[in-house]
K.L.:
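Before I ask anything, let me first share the structure, which is written out below as structure tokens.
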Amino acid sequence: MKRPGWVWLIFLYYGFSVCWTVLSFYLIFRGSIPLTPAQKSYFEGLTLLDWAATVSIGAMNLAAVLLLFMLRRQCVALFGTALVLGVLIMVWHVLTKGVLAALPAGGFFGWLLGIAIALSVFLYSRRLAHRGLLT
């Protein structure tokens, strides 16, 4: 079966996002990107649980996009789980870790845009599953 064009676009977007995120964390921890005091305090306050959640959500998204590329129905559940966990982690960080002070100007709206994209990808994959295009 031929992959829809949106599947290719989503695959490339998620691939770019993973590479960009890994590069960003590398540059932050290497000290190449200067952090404000609020950002430095935020990163220093992250626990092993926070990092485990971040890695788990990233792994779920990566697995989901690979399953979508292979046109497998299981991608829907993974995209949905990663979306819900991502929102819950962000709400938790807003309420307990002061993430809003650490975000750059417009960072919260960038996060909202990311959630909107993730929701759109989830709904699109669900629609493909309902149409029988995913096995």
Side-chain angles (χ1 to χ4, degrees):
M1 176 182 297
K2 186 176 177 184
R3 283 177 192 80
W6 281 106
V7 169
W8 280 98
L9 185 63
I10 291 166
F11 180 75
L12 293 173
Y13 169 77
Y14 272 77
F16 173 78
S17 296
V18 166
C19 294
W20 187 259
T21 301
V22 169
L23 176 63
S24 298
F25 279 128
Y26 171 75
L27 292 174
I28 287 170
F29 290 116
R30 184 173 172 228
S32 298
I33 297 177
L35 299 176
T36 66
Q39 291 168 332
K40 192 171 187 176
S41 174
Y42 171 73
F43 276 106
E44 290 171 352
L46 294 178
T47 65
L48 183 59
L49 178 62
D50 297 316
W51 289 111
T54 300
V55 169
S56 297
I57 292 167
M60 273 188 258
N61 276 315
L62 191 55
V65 80
L66 290 172
L67 287 168
L68 176 64
F69 190 76
M70 296 185 310
L71 301 176
R72 299 290 185 254
R73 173 179 297 275
Q74 296 89 343
C75 71
V76 178
L78 281 176
F79 277 130
T81 303
L83 174 63
V84 169
L85 288 176
V87 169
L88 290 174
I89 292 295
M90 186 61 168
V91 168
W92 178 39
H93 282 216
V94 166
L95 296 175
T96 64
K97 302 208 180 268
V99 71
L100 292 179
L103 288 175
F108 185 72
F109 294 106
W111 178 78
L112 288 177
L113 177 62
I115 292 299
I117 290 170
L119 177 61
S120 298
V121 169
F122 166 70
L123 294 174
Y124 175 70
S125 64
R126 195 174 78 163
R127 191 177 86 199
L128 288 179
H130 285 302
R131 289 174 50 200
L133 296 174
L134 304 179
T135 59

K.L.:
Looking at every non-hydrogen atom in both residues, tell me the closest pair between P34 and Q39 and how far apart they are.
P.N.:
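Scanning both residues completely, I find the closest heavy atoms to be O-OE1, 4.3 Å.
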K.L.:
Kindly write out the residues that satisfy side-chain contact (heavy atoms from CB on, under 4.5 Å) with R126, not counting sequence neighbours, or none if the list is empty.
P.N.:
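Residues passing side-chain contact (heavy atoms from CB on, under 4.5 Å) with R126: V76, F122, L123, H130.
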K.L.:
With Y26, which residues qualify under ring-ring contact (aromatic ring centres under 6.0 Å, His included), at least two apart?
P.N.:
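By the ring-ring contact (aromatic ring centres under 6.0 Å, His included) rule, Y26 matches no residue at all.
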K.L.:
Side-chain donor-acceptor pair under 3.5 Å between R72 and T135, yes or no?
P.N.:
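There is such a pair between these side chains.
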K.L.:
Just how far is it from atom CG of L100 to atom NE2 of H93, taken to the nearest 0.5 Å?
P.N.:
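Here the rounded value is 12.0 Å.
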K.L.:
Does anything in residues 97-109 form a salt bridge (Lys or Arg N to Asp or Glu O under 4.0 Å)? List the pairs, not counting sequence neighbours.
P.N.:
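Matches after skipping sequence neighbours: D50-K97.
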K.L.:
Are V55 and L83 connected into the same hydrophobic cluster when the rule is that any two of I, L, V, M, F, W, Y join if their side-chain heavy atoms are below 4.5 Å apart?
P.N.:
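Looking at the clustering, V55 is in a separate group from L83.
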K.L.:
Return the set of residues passing side-chain contact (heavy atoms from CB on, under 4.5 Å) with S32 (not counting sequence neighbours), or none when no residue passes.
P.N.:
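By the side-chain contact (heavy atoms from CB on, under 4.5 Å) rule, S32 matches L27, R30.
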K.L.:
Holding to side-chain contact (heavy atoms from CB on, under 4.5 Å), I want the full list of residues that pass it with W51, two or more places apart in sequence or in another chain.
P.N.:
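Scan of W51 (side-chain contact (heavy atoms from CB on, under 4.5 Å), adjacent residues dropped) gives F25, F29, F43, L46.
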K.L.:
For V84, give me all partners under side-chain contact (heavy atoms from CB on, under 4.5 Å), at least two apart in sequence or on another chain.
P.N.:
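Listed in chain order: L88.
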K.L.:
Does L48 sit in a hydrophobic cluster with other residues, and if so which ones, taking ILVMFWY side chains as linked at heavy-atom separations under 4.5 Å, directly or through other members?
P.N.:
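Same cluster as L48: nobody, lone residue.
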K.L.:
Is it true that a side-chain atom of S41 and a backbone atom of P37 form a donor plus acceptor pair closer than 3.5 Å?
P.N.:
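Flag not set: sc S41 to bb P37 has no pair under 3.5 Å.
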K.L.:
Linking directly or through intermediates, with side-chain heavy atoms under 4.5 Å: list the remaining ILVMFWY members grouped with W92, chain and number order.
P.N.:
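Members alongside W92: L49, I57, M60, L67, M70, L78, L85, I89.
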K.L.:
Taking all non-hydrogen atoms of both residues, which atom of A102 and which atom of A38 are closest, and how far apart?
P.N.:
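So the minimum-distance heavy-atom pair works out to CB-O, 3.8 Å.
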K.L.:
Report the distance from atom CD1 of I115 to atom CG of L119, rounding to the nearest 0.5 Å.
P.N.:
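Between I115 CD1 and L119 CG, I get 8.5 Å after rounding to 0.5 Å.
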K.L.:
Examine L95 and V99 and state if one hydrophobic cluster contains both, with Ile, Leu, Val, Met, Phe, Trp and Tyr joined whenever side-chain heavy atoms are less than 4.5 Å apart.
P.N.:
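In one cluster: yes.
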K.L.:
I'd like to check the ring-ring contact (aromatic ring centres under 6.0 Å, His included) partners of F69; sequence neighbours left out, ordered by chain and number.
P.N.:
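By the ring-ring contact (aromatic ring centres under 6.0 Å, His included) rule, F69 matches W8, F11.
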K.L.:
Do the side chains of L128 and W6 get nearer than 4.5 Å, heavy atoms only?
P.N.:
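They are not in side-chain contact.
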K.L.:
Roughly how far, to the nearest 0.5 Å, is the NZ atom of K2 from the CG atom of L71?
P.N.:
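Between L71 CG and K2 NZ, I get 12.5 Å after rounding to 0.5 Å.
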K.L.:
Is there a side-chain contact between V18 and V65 in this structure, where contact means two heavy atoms from C-beta onward sitting under 4.5 Å apart?
P.N.:
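Side chain of V18 against side chain of V65, heavy atoms only: no contact under 4.5 Å found.
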K.L.:
When rounded to the nearest 0.5 angstrom, what distance separates CG in L68 from OH in Y14?
P.N.:
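If I round to the nearest 0.5 Å, the distance is 9.0 Å.
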K.L.:
Please, which pairs that meet salt bridge (Lys or Arg N to Asp or Glu O under 4.0 Å) have at least one residue in residues 105-118, sequence neighbours excluded?
P.N.:
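The answer is none; no pair qualifies.
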K.L.:
F16: which other cluster members, linking ILVMFWY side chains closer than 4.5 Å, directly or transitively?
P.N.:
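F16 shares its hydrophobic cluster with W20.
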K.L.:
Return the OG to CD1 distance between S17 and I10, rounded to the nearest 0.5 Å.
P.N.:
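Those atoms lie 11.5 Å apart.
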K.L.:
What side-chain hydrogen bond (donor to acceptor under 3.5 Å, both in side chains) pairs are there with at least one residue in residues 52-61, not counting sequence neighbours?
P.N.:
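Those involving residues 52-61 do not exist here.
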